[in-house]
A.B. asks: 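My questions will all concern the structure given below.
Just so you know, these numbers come straight off a predicted model, no measurement behind them. Note: hydrogens, waters and symmetry copies are ignored here, and every other heavy atom, side chains too, is used. Numbering of ligands and ligand atoms starts at 1, following listing order.
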Amino acid sequence: MVGPGPDGVSWFEVPPDTGFGLDNLPYGIFSTPGTSPRTGVAVGDSVLDLDAATGNAIHATGSLNGFMAQGPAGWADLRAQVTEWLSDERHRARVEPHLVDRAAVTLHLPFEVADYVDFYSSKHHAENVGRIFRPDAEALTPNWRHLPIGYSGRAGTVRVSGTPVVRPCGQRRNNGAPTFGPSSRLDIEAEVGFVVGTPSDLGTTVPIGAFAEHVFGVCLVNDWSARDLQAWEYVPLGPFLGKSFLTSISPWVVPLAALEAARMAPPPRDVALLPHLRDHDQPWRLDLTLEVRLNGTLISSPPFAGQYWTAAQQLAHLTSNGAALRTGDLFASGTVSGPQRDQRGSLLELSWNGQEPLTLADGSTRGFLEDGDVVTITATAPGTGGGRISLGEVTGQVLPARS
Ligand code: CA
């Protein structure tokens, strides 16, 4: 029996409101001064050193990929083991020495990113962007309601939270001939990322019902975007250099098992879906609440439950042509925007392309990001323990362009 000790209380006391209780147990890669990066589990204000606690070399590699490749049985076994260790008093003497102060660790990129795909699955976001960029046309393109639109991004520039955001240079056009220089419309996109553990073979598909056999967990994503570069380059093949200079992810990967209480029935859809995207009996809509802060001011609270397409549909779509999955594949939701102004997940939408600047707590205003700005995205979800679990944060500070 896995669970609390005989008195029903875990020996490990989780401080209130950390969001990192025993119903969360996210995985990350950490180091302390003078030691190598290794796998840890965040719990309360601590990190449990899995390399030391398990003695398994798979947790000493500095990447979650080896563990993620084990698949659902291995994930469930370790989660049960860690839960028991932190609950049952009999394990206390052996486990306690392997707990490290979470405030004292350095967090690293949690996994080697194989392929990176970014979707476009919030209807509110897609409609807002359509109205801003194509005011004389239908807000949604004809395909939008029939498939989750996505593009392949640059895996090699996915970095961990805290990585500085050097303002990118590139080609853009205002009026007349294009020029090259620092982006003047640097933006954020608040997104949720899904991390593949179990690979799939080329030529096979991953139906919606097999989602949990392949997806290991969830992280937060900030898809930094240079709108001026993007607007000039994206026709007809989609985003390229306006996105690929940096994508930031949160350091803690929350396992799908921790999100059981966040699962909801899928939302109603506008049109009948083709068979491989039908999900009426597959509750993979997730009730996550995101918060976006700019220099400490809360500027948006995007509701992930409002997404039109679920991650299970995204994965089914992405493999529907037989494309293979690799351990470490990352696919992101696309900007999460709700129907209200204070639920929009990008500055493009929040400031309506700079026309309606935001006012921050210090009285300054923003259309897009200025050098020195710090953007932090956090999220919580209902946990199985009755409270809310945290997905941690993804943050970054804008640095001036390098000339
Ligand atoms: Ca995006």
A.B. asks: Between Val292, Asn295, Val398, which is the residue that forms a side chain to side chain contact (heavy atoms under 4.5 Å, CB included) with Val375?
C.D. replies: Val292

A.B. asks: Under 3.5 Å, side chain of Asn222 to main-chain N/O of Ser248, donor-acceptor pair present?
C.D. replies: no

A.B. asks: Does the ring center of Phe216 lie less than 6.0 Å from the ring center of Trp75?
C.D. replies: yes

A.B. asks: For Leu391, is there any backbone N or O sitting under 3.5 Å from a side-chain donor or acceptor partner on Trp252?
C.D. replies: no

A.B. asks: Between Phe211 and Trp284, is the gap from one ring center to the other below 6.0 Å?
C.D. replies: yes

A.B. asks: Is there a donor-acceptor contact under 3.5 Å from the side chain of Arg344 to the main chain of Gly338?
C.D. replies: no

A.B. asks: Return all protein N, O or S atoms below 3.0 Å from the Ca ion (ligand 1), chain by chain in residue order.
C.D. replies: Asp118 OD2, Glu189 OE1, Glu191 OE2, Asp223 OD2

